[in-house]
Amino acid sequence: MRRHAPGARCTVDLRYLADEVELEGRDQRAGRADTPGEPAASGGGHGLSGMRERAELLGGALLAGTRRRSVRRRARCRTG
């Protein structure tokens with residue numbers, strides 16, 4: 001979020017569930033929100049596809065989406 005939404009208001013939540021851990025990040029961008037799955041304008045990283053791949057390697061999943069100017073990413077992974 002720091003890289004793709006500098007100066008934006010951001011929230012990060014970490015939740016411990018019965019057999020999973022969930023990490024969710026949201027930001028309110030002043031400009032347009034990048035479309036999930038599309039490379040960000042600044043490039044250079046592995047973006048959402050890399051985040052999704054890492055979550056799947058741990059038996060989890062990544063959800064990402066936009067709504068108006070808000071971007072949300074949520075990763076869940078099993079703990080046991």
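Note that the coordinates shown come from a computational prediction; the quantities given were computed from them, not determined experimentally.
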Atom CZ in Arg76, atom CG in Asp19: separation rounded to 0.5 Å? 9.5 Å
Measure the CD-CZ distance between Glu24 and Arg73 for me, rounded to the nearest 0.5 Å. 10.0 Å
Any ion pair linking Arg15 and Glu20 (charged N to carboxylate O, less than 4.0 Å)? no
Under 4.5 Å between side-chain heavy atoms, counting indirect links through other Ile/Leu/Val/Met/Phe/Trp/Tyr residues: same cluster for Val21 and Leu17 or not? no
Would you be so kind as to tabulate the donor-acceptor pairs closer than 3.5 Å made by side chains of residues 53-63, with sequence neighbours excluded?
{"residue": "Arg54", "atom": "NH1", "partner": "Gly50", "partner atom": "O", "Å": "3.4"}

Hey, mind stepping through Asp27 and Arg72 against salt bridge (charged side-chain N to carboxylate O under 4.0 Å, His left out) and telling me if it holds? CA-CA 7 Å; Asp27 63 68; Arg72 181 171 78 173; over 6 Å; no
